[in-house]
Novice: 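Got a structure here, written out as structure tokens. Questions coming.
Only a predicted model underlies this, so the values are computations on that prediction, with no experimental measurement involved. Sequential numbering from 1 along the given sequence is applied to the chain's residues.
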Amino acid sequence: MNVKTIVKNAYLRTGIALVTGLVLGRLIFGTPDAGDSHAGHNHETADAAGGALPLPDEATQQPQLWTCSMHPQIRQDKPGKCPLCAMDLVPLKKASSAAGDAFDPDALLLSDEAAALAGIQTTLVRKGRPVKEIQLYGTIQPNERLVHSQVSHVSGRIERLLVDFTGESVRSGQVIASIYSPDLQNAQQELLEAAKLKDTQPVLLEAAREKLRRWKLSDGQVSLIEQSGNVSPLMDITANTHGIVIAKNVSQGDYVSQGSVLFSVADLSSVWVMFEAYEADLPYLKTGESITYTVQALPGKTFSGKITFIDPVLNRASRTARVRVETANAGNRLKPEMYAGATVHASAGQGENVITIPGTAVLWTGKRSIVYVKQADSDTPAFRLREIELGPALGNSYVVLSGLEEGEEIVTGGAFTVDASAQLEGKPSMMNSDAAPAAAGHGGSDTSSVPPDGNRQHLSAQIKVQGLCEMCKERIEQAAMSVNGVSSASWDPDTLRLRLDYDPSKTNEDEISKAIAKAGHDTDRHKAPHSTYGALPECCKYRQ
């Protein structure tokens, strides 16, 4: 066949053009790599028996779970409503695998950027001497040992009142009042008559003198009456101490009886500070301990004193006990009823080498106290929940009795943010008590949250089941446990809620609900057959 014939044949021309294009494409783009030979295909690797093995991505892929943002213990394998609060379920976040397999599967992983944006702060756990900081508040009060009453020693009328207002200063020996007393005049007359008989009746004269002395007349005053022969119904009352009048009980012209209190005078050279201490703080306060305090009226000034008394009886209303501090008051700068505040740093009595942590690191869930511990062997920030036992509170920190070791790193800022992220990723958290690990004291892995069969993909759910008594409870739980894949079942007669833990690869909630209905109990999904319900004991008949 000559060239002209080949050119005229259309099929040959098309074939030659196709072969030429393939050759040129191979020369221009080169030979594809061996790794690209399967690009665009979904090959499966055959095993020794000739079967197909899934690709690595398919083998490690986990089913999408759904949870409630308010009740993270709820786990569903499909979207829907929360059985507790009827909120829409949200997709459960999955942990990133960027850190490889070195991290604890129960730990929460955060990128460096996410940790910085969330404001996560950590602190190394250290041991030291625990010091409890106690705040005390109280008022300045007069020293009761230096408060004196000024009384009238005779009955009569107040003729003159030389101290006539509260707060006035008086000095010892100062005349503070003058009393008109007919009884005093009669006693002086008796003294003059007895003086006339002193040679024959000396005992009578001495009795008259003693009567006037008991009314607080001095020996000089008695002698003056005898020598002058003059009597007077007026008697001066003198102050028996120096200080400030804190109470005035009479006015000029009042009639008083013998022993009536005219004034109360307080010596303010020494005062008491009456603090109120809560009952939880009382074990850390000791008599004789020095306390430094301040008063609002004198900013920048500090005062000190010693605890002289701790009230053994608490105030029933405030649940506090009075703590008395006695202090000198030079210049009367401290005045009664001033407010005072003190900060006491007392030894917690737990020894000299114990673990203390900031209060911001602790999260409370009822009786449990938890912290988040940073995983030490991970380049990516990883945090794991740890339950600890707390000792006494030390102001803004706490003593740790167990659960932590010195040198571990805990979250002290942003603990709630870490916990919220753990809840949404299905990790042990403060809201998920069933998955929370026990106190370990070390950073090792804990398997207390793993179901008995070792499957971490168990789901938690709740089904409403009708029933009345303990027999119903036993029957419902046995029916649920009879389903293959159910690891636990607990029915609450008060709420009619059956709490389940099951393996979604083996069963589902519909199958469990059918088994319970078959046993004679209505659920929120299925109704028990009439014949089965009729065979229940009378105490278990829950239908109206």
Side-chain angles (χ1 to χ4, degrees), residues 103-104 106-110 112 114-135 278-285 343-378 380-423 425 427-433 435-446 448-449:
F103 66 92
D104 191 323
D106 282 336
L108 171 71
L109 272 69
L110 295 175
D112 294 333
L117 290 174
I120 307 300
Q121 299 178 359
T122 60
T123 302
L124 288 176
V125 176
R126 299 295 186 191
K127 289 185 178 181
R129 179 177 178 271
V131 176
K132 182 177 177 62
E133 185 177 283
I134 303 173
Q135 298 291 336
Y278 289 103
E279 55 183 314
D281 296 333
L282 291 177
Y284 305 101
L285 300 175
T343 301
V344 180
H345 296 88
S347 174
Q350 300 290 324
E352 297 293 328
N353 199 25
V354 297
I355 291 177
T356 59
I357 61 174
T360 56
V362 185
L363 301 176
W364 288 273
T365 60
K367 296 182 179 180
R368 296 187 305 132
S369 303
I370 62 175
V371 296
Y372 276 92
V373 182
K374 184 177 181 181
Q375 186 169 327
D377 54 355
S378 174
T380 302
F383 308 97
R384 190 175 190 273
L385 180 143
R386 177 84 59 77
E387 184 173 343
I388 63 175
E389 182 181 358
L390 294 179
L394 308 176
N396 296 326
S397 61
Y398 292 88
V399 172
V400 178
L401 301 180
S402 63
L404 285 176
E405 294 290 337
E406 186 177 16
E408 291 186 302
E409 193 171 356
I410 61 174
V411 177
T412 54
F416 276 107
T417 303
V418 175
D419 188 81
S421 300
Q423 293 179 30
E425 291 194 9
K427 305 294 184 180
S429 64
M430 62 184 294
M431 297 294 291
N432 191 0
S433 59
H442 298 279
S445 177
D446 181 81
S448 60
S449 62

Novice: Might you point out which heavy atoms bring Gln375 and Ala107 nearest each other, and give the distance in Å?
Specialist: OE1-CB, 3.8 Å
Novice: What residues, two or more places apart in sequence or in another chain, satisfy side chain to side chain contact (heavy atoms under 4.5 Å, CB included) together with Ser369?
Specialist: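 Partners of Ser369 by the side chain to side chain contact (heavy atoms under 4.5 Å, CB included) criterion, ordered by chain and then number, come out as Val362, Trp364, Ile388, Leu390.
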Novice: According to side-chain hydrogen bond (donor to acceptor under 3.5 Å, both in side chains), who are the partners of Thr122, at least two apart in sequence or on a separate chain?
Specialist: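 With neighbours one apart ignored, the set is Glu409.
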Novice: Report the residues that fulfil side chain to side chain contact (heavy atoms under 4.5 Å, CB included) with Gln121, sequence neighbours left out, ordered by chain and then residue number.
Specialist: Thr412
Novice: Specify the closest pair of heavy atoms between Leu394 and Val131, including all atoms of both residues, with the distance to one decimal.
Specialist: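 Looking at all heavy atoms of both residues, the closest pair is CB-O, 3.5 Å.
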Novice: Excluding sequence neighbours, so at least two apart, what forms salt bridge (Lys or Arg N to Asp or Glu O under 4.0 Å) with Glu406?
Specialist: none
Novice: Could you check if a side-chain atom of Tyr372 sits within less than 4.5 angstrom of a side-chain atom of Leu108, using non-hydrogen atoms only?
Specialist: no
Novice: Out of curiosity, Ile355 CD1 to Ser402 OG, how far, rounded to the nearest 0.5 Å?
Specialist: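 Result: 9.5 Å between the selected atoms.
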Novice: May I ask you to decide if Pro428's main-chain N or O and Arg384's side chain share a donor-acceptor pair within less than 3.5 Å?
Specialist: no
Novice: Would you give the length of the straight line joining atom NZ of Lys374 to atom CD1 of Ile410, rounded to the nearest 0.5 angstrom?
Specialist: 13.0 Å
Novice: Which heavy atom of Ile120 sits nearest a heavy atom of Gly414, and at what distance?
Specialist: CD1-O, 3.5 Å
Novice: Apply side chain to side chain contact (heavy atoms under 4.5 Å, CB included) to Ala415 and list each qualifying residue two or more places apart in sequence or on a separate chain.
Specialist: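 Partners of Ala415 under the side chain to side chain contact (heavy atoms under 4.5 Å, CB included) test: Leu363, Val411.
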Novice: Show the numbers, then the answer: is there a side-chain contact (heavy atoms from CB on, under 4.5 Å) between Tyr284 and Ile134?
Specialist: CA-CA 9 Å; Tyr284 305 101; Ile134 303 173; 3.6 Å; yes
Novice: Under the salt bridge (Lys or Arg N to Asp or Glu O under 4.0 Å) rule, collect the residues that match up with Lys132, sequence neighbours excluded.
Specialist: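 Expected list: Asp281.
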Novice: Among residues at least two apart in sequence or on other chains, which ones pass side-chain hydrogen bond (donor to acceptor under 3.5 Å, both in side chains) with Thr343?
Specialist: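 Partners of Thr343 by the side-chain hydrogen bond (donor to acceptor under 3.5 Å, both in side chains) criterion, ordered by chain and then number, come out as Gln135.
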Novice: Using a 3.5 Å distance criterion without hydrogens, assess whether the side chain of Arg386 forms a donor-acceptor pair with backbone atoms of Leu404.
Specialist: no
Novice: Is the shortest heavy-atom distance from the side chain of Thr123 to the side chain of Ile357 under 4.5 Å?
Specialist: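 Side-chain contact under 4.5 Å: no.
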Novice: Going by side chain to side chain contact (heavy atoms under 4.5 Å, CB included), name the residues that satisfy it together with Leu117, two or more places apart in sequence or in a different chain.
Specialist: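 Once residues adjacent in sequence are excluded, Leu117 has no partner under the side chain to side chain contact (heavy atoms under 4.5 Å, CB included) criterion.
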